[in-house]
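Worksheet: one structure, shown below.
Only this structure's heavy atoms are used, side chains among them; waters, hydrogens and symmetry mates stay out. Both counts, for ligands and for their atoms, begin at 1 and track the order of listing.
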Amino acid sequence: MRRTGVPRDNGLVSRTGLIIDCDPGVDDAIALFLAFGSKELDLIGVTTVAGNVSAALTARNARLIRQIAGREDVPVVAGAERPLVRAPVEADHFHGETGLGHLPVFEPVAPLAEGEAADVIVREVMARPPGSVTVAVTGPMTNLALAFAREPALPARLAAVVVMGGARSEGGNITASAEYNIHADPHAAQAVAASGCRLVMLGLDVTHQVRATPERIARIAALASAPAKAVANLLDFAVETERKHVEGGAPPLHDPCTIAYILRPDLFATRPCRLEVETESRLTLGHTAVEFRVGPDEANCQWATRANAEAIFALLTERLGE
Ligand code: BDR
Ligand code: CA
């Protein structure tokens, strides 16, 4: 079967309905605020998965962010409580015990929508015309892999799957060679890569180019809106964890890159590649093997190589101010 990567500047993705599958998570929360503030997106729903923190907390956190953004019109559906095969691995050292850093947490008013994430993804996509729904994934790909297993027609039905995950030139951030989202469910990631869906991967190679400098944080903190105040709080926490765990300066803005790509694919450069995920090795579990030396018949992915950080922050700042 010929596998088709997504042309990066065809404007196709931003005109489609969007499902955001996430594990909030400090940077997932910022991605949600960016999406909630982008009125041109047709947000079908937010689905949550165990990842950075437990499934119960990621589902609560997505509802909490939705309430701050005043977007209770968007359903939140809870999903997988553990990875497909491997034991769960959380990242609460990067996101805090609640998953939201120092952001004050509360029990949101609006409840979860009924159903389970993988089933709801299948139902919502299959009910719409082919090529009219994009899925953005900012956590382990468990929900999407389950949905693909339940409905084999689903991968070809999607306009695109835009994922924050993987690393090629940057090395890993959870192990020497693996990025967290892929390491946390490598079997799900491999199933999605092998599915034939139109896959765009925004890994550490690009998210490490998009850094929350003091000037960029100050521009957001100066805004009056509740989402902007929350994002400034989340970014301050990210600065602290970057200092503590990475000895770095400005923290990378990982997950919002998915939404930025969907809104403005011209802010990224991508290359077609063959992507496979390591699922066996103890040492390199979740490593993304990215092979550019392939023809169109072998390519299964568009791999992001460059991002315009200044323009991505300008977009985020604009959408938080509206
Ligand atoms: C990814 O890992 C998670 O901890 C973040 O939320 C992001 O999705 C970055 O490697
Ligand atoms: Ca995440």
dist Thr288:OG1 -> Gln190:CD (nearest 0.5 Å) comes out at 11.0 Å

For a quick check under 3.5 Å, do [X] and [Y] share a side-chain donor-acceptor pair by atom type?
X	Y	value
Asp23	Thr58	no
Asp92	Asn52	no
His287	Glu179	no

ask   = Would one find more than 12 heavy atoms of other residues, nucleotides or ligands at under 6.0 Å from atom CD of Glu81?
value = no

Next on the checklist: Is it the case that atom CZ in Arg243 sees more than 12 heavy atoms from other parts of the structure closer than 6.0 Å?
Outcome noted: no

| said: the Ca ion (ligand 2) and Asp255: any N/O/S contact shorter than 3.0 Å? | reply: yes

Checking only N/O/S atoms, does Met164 have one that is under 3.0 Å from the Ca ion (ligand 2)? no

message: Is there a polar contact, in the sense of an N or O pair closer than 3.5 Å, between Asn181 and ligand 1?
response: yes

At a 4.0 Å threshold, what atoms of ligand 1 neighbour a non-hydrogen atom of [X]?
X	answer
Asn173	9 (C), 10 (O)
Thr138	8 (O)
Met164	1 (C), 7 (C), 8 (O), 9 (C)

Between Arg63 (side chain) and Ala110 (backbone), is there a donor-acceptor pair under 3.5 Å?
yes

For [atom], grab the closest protein heavy atom and report residue, atom and distance to one decimal in Å.
atom	value
atom 10 (O) of ligand 1	Glu179 OE2, 2.4 Å
atom 8 (O) of ligand 1	Asp255 OD1, 2.6 Å
atom 4 (O) of ligand 1	Asn52 OD1, 2.6 Å
atom 6 (O) of ligand 1	Asp27 OD1, 2.5 Å
atom 2 (O) of ligand 1	Tyr180 CD2, 3.3 Å

At under 4.0 Å between heavy atoms, what of Asp28 touches ligand 1? The answer is side chain

Short version for Ile174: what comes under 4.0 Å of ligand 1, heavy atoms counted, is neither

Partner of Asp21 under side chain to side chain donor-acceptor pair (under 3.5 Å), picked from Thr258, Thr47, Thr48, is Thr47

Do Arg271 and Phe292 form a cation-pi contact, if we require the NZ or CZ to be under 6.0 Å from the six-membered ring centre and within 45 degrees of the ring's axis?
yes

The N/O/S atom of Asp23 lying closest to the Ca ion (ligand 2) is OD1

